[in-house]
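First the structure, in the form of structure tokens, and then the observations on it.
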Amino acid sequence: MKTIGLLGGMSWESSALYYRLINEGVRDRAGGFHSAPLVMSSVDFAVIEEMQGRAAWDEAGTLLAREASALEGAGAECIVLCTNTMHKVADAITAAISVPLVHVVDVTAEAISAAGLTTVALLGTRFTMEEPFYAERMAAHGIEVMAPDAEERRLVNDVIYGELVRGVLRDESRTAYRTVIANLVDRGAQGVILGCTEIELLVGPADSPVPCFPTTRLHAAAAVDFALS
């Protein structure tokens, strides 16, 4: 099997989910006692969050590019960036490595296209929902992305940073997310992207009247495909 490099810590709650899903995927497909060959860098999320807050994206890109390069040096044959938001600096990472970066937007777009959908809602951090990097890459795959309205974006973001990255799961927040999803469906969304790795800890297919696209699970499955290819 090929060795996967996990660039995580943003937050460690989601990175732990990546680790479990990738190993479960290898076990299920390879059988026996197989598990995934992995090397991992887990950064201090407080440092990244501070850079996000002051829009220091170049600085964050330099930091993550350095970590990705170190993973390649440690034997990683691909890099999996265990976060949606920080794919904003994916170009800086790919410029620093010679192995593939398994891009979460591309993987998710493939699943959406395979389902025959063209217009989907996007839930994520405010950066993912409001910055153009995510929607533009989806558009390159022929997929239109719809974001919640301003107040709903605030709610979705506050739950991520105030609760989910801290491992807090509240029924009230699940109910609020269901309402946001229902409103987006009423506006024409054919599906919904769970575009923050921690969101999958709170809601899933049972919480949506339209198909869900859980980016962590899709991204992890793509990593398993790479390892076993």
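Any value given below was found using the heavy atoms of this structure, including those in side chains, with hydrogens, waters and symmetry copies removed.
Nearest approach of Val102 to Ala222, heavy atoms of both residues: CG1-CB, 3.9 Å. When every heavy atom of Leu122 is checked against every heavy atom of Gly195, the shortest pair comes out as CD1-CA, 4.1 Å. Minimum interatomic distance between Met129 and Pro148 (heavy atoms only, all atoms of both residues): SD-CD, 3.7 Å. Here the shortest heavy-atom pairing between Thr215 and Glu200 reads N-OE2, 3.1 Å. Of all non-hydrogen atoms in Asn23 and Ser35, the two that sit nearest each other are OD1-CB, 3.3 Å.
One N or O on the side chain of Ser15 and one on the backbone of Gly9 form a donor-acceptor pair closer than 3.5 Å. Between the Glu13 side chain and the Leu164 main chain, no donor and acceptor come within less than 3.5 Å of each other. Between the side chain of Glu163 and the backbone N or O of Leu169, no donor-acceptor pair lies under 3.5 Å. A donor-acceptor pair under 3.5 Å links the side-chain atoms of His103 to the main chain of Val105, judged by distance alone. Here the side chain of Arg174 pairs a donor or acceptor atom with the backbone of Leu202 at under 3.5 angstrom. With hydrogens and angles disregarded, no donor-acceptor distance shorter than 3.5 Å links the side chain of Asp158 to the backbone of Leu155.
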Query raised in the report: For Asp149 and Arg153, what are the C-alpha separation, side-chain angles and deciding distance, and is it a salt bridge (Lys or Arg N to Asp or Glu O under 4.0 Å)?
Result: CA-CA 6 Å; Asp149 66 27; Arg153 292 197 303 273; over 6 Å; no
Requested in this report: Test salt bridge (Lys or Arg N to Asp or Glu O under 4.0 Å) on Arg29 and Asp225 and set out the steps.
Outcome: CA-CA 10 Å; Arg29 288 178 54 183; Asp225 289 342; 2.4 Å; yes
Query raised in the report: Please walk me through it: do Arg54 and Glu59 pass salt bridge (Lys or Arg N to Asp or Glu O under 4.0 Å)?
Result: CA-CA 10 Å; Arg54 56 187 175 87; Glu59 190 176 340; 3.0 Å; yes
Report task. Would you please test Ile199 and Val203 for side chain to side chain contact (heavy atoms under 4.5 Å, CB included) and show each step? Result -> CA-CA 6 Å; Ile199 287 178; Val203 295; 3.6 Å; yes
Report task. Just do the side chain to side chain contact (heavy atoms under 4.5 Å, CB included) check on Met86 and Leu64 with the steps written out, would you? Result -> CA-CA 9 Å; Met86 297 314 296; Leu64 294 180; 3.9 Å; yes
**Report entry** side chain to side chain contact (heavy atoms under 4.5 Å, CB included) evaluation trace for Ile48 with Val43
**Finding:** CA-CA 8 Å; Ile48 298 296; Val43 301; 3.9 Å; yes
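A donor-acceptor contact closer than 3.5 angstrom is absent between the side chains of Glu172 and Tyr177. With hydrogens and angles left out, the side-chain atoms of Thr197 and Thr83 include no donor and acceptor closer than 3.5 Å. No side-chain donor-acceptor contact under 3.5 Å links Thr128 and Asn84. Side chain to side chain, Glu198 and Ser11 meet the donor-acceptor criterion of an N or O pair below 3.5 Å.
Put simply, the side chain of Ile93 reaches to within 4.5 Å of the side chain of Leu81, judged on heavy atoms. Here the side chains of Ile160 and Arg126 are not in contact, with every heavy-atom distance at 4.5 Å or above.
Cluster membership for Trp12 and Leu7, using ILVMFWY side-chain heavy atoms within less than 4.5 angstrom, is not shared. Linking ILVMFWY residues whenever their side-chain heavy atoms come closer than 4.5 Å, directly or via other members, leaves Val168 and Val165 in distinct clusters. Using a 4.5 Å cut-off between side-chain heavy atoms of Ile, Leu, Val, Met, Phe, Trp and Tyr, with links allowed through other members, Met1 and Ile4 fall into the same hydrophobic cluster.
A cation-pi arrangement, defined by a distance under 6.0 Å to the six-membered ring centre and an angle within 45 degrees of its axis, is present between Lys2 and Phe226.
Aromatic ring centres of Tyr18 and His219: separated by under 6.0 Å. Between Phe127 and Trp57, the ring centre distance stays below 6.0 Å.
Environment of CZ in Phe45: crowded, with over 12 heavy atoms of neighbouring residues, nucleotides or ligands closer than 6.0 Å. Within 6.0 Å of CZ in Arg166 there are 12 or fewer heavy atoms belonging to other residues, nucleotides or ligands.
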Could you go through residues 69-80 and list every donor-acceptor pair under 3.5 Å that involves a side-chain atom there, pairing it with any protein atom two or more places apart or in another chain?
residue : atom : partner : partner atom : Å
Glu72   : OE1  : Ser98   : N            : 3.1
Glu72   : OE2  : Ser98   : N            : 3.4
Glu72   : OE2  : Ser98   : OG           : 2.3
Glu77   : OE2  : Thr3    : N            : 2.8

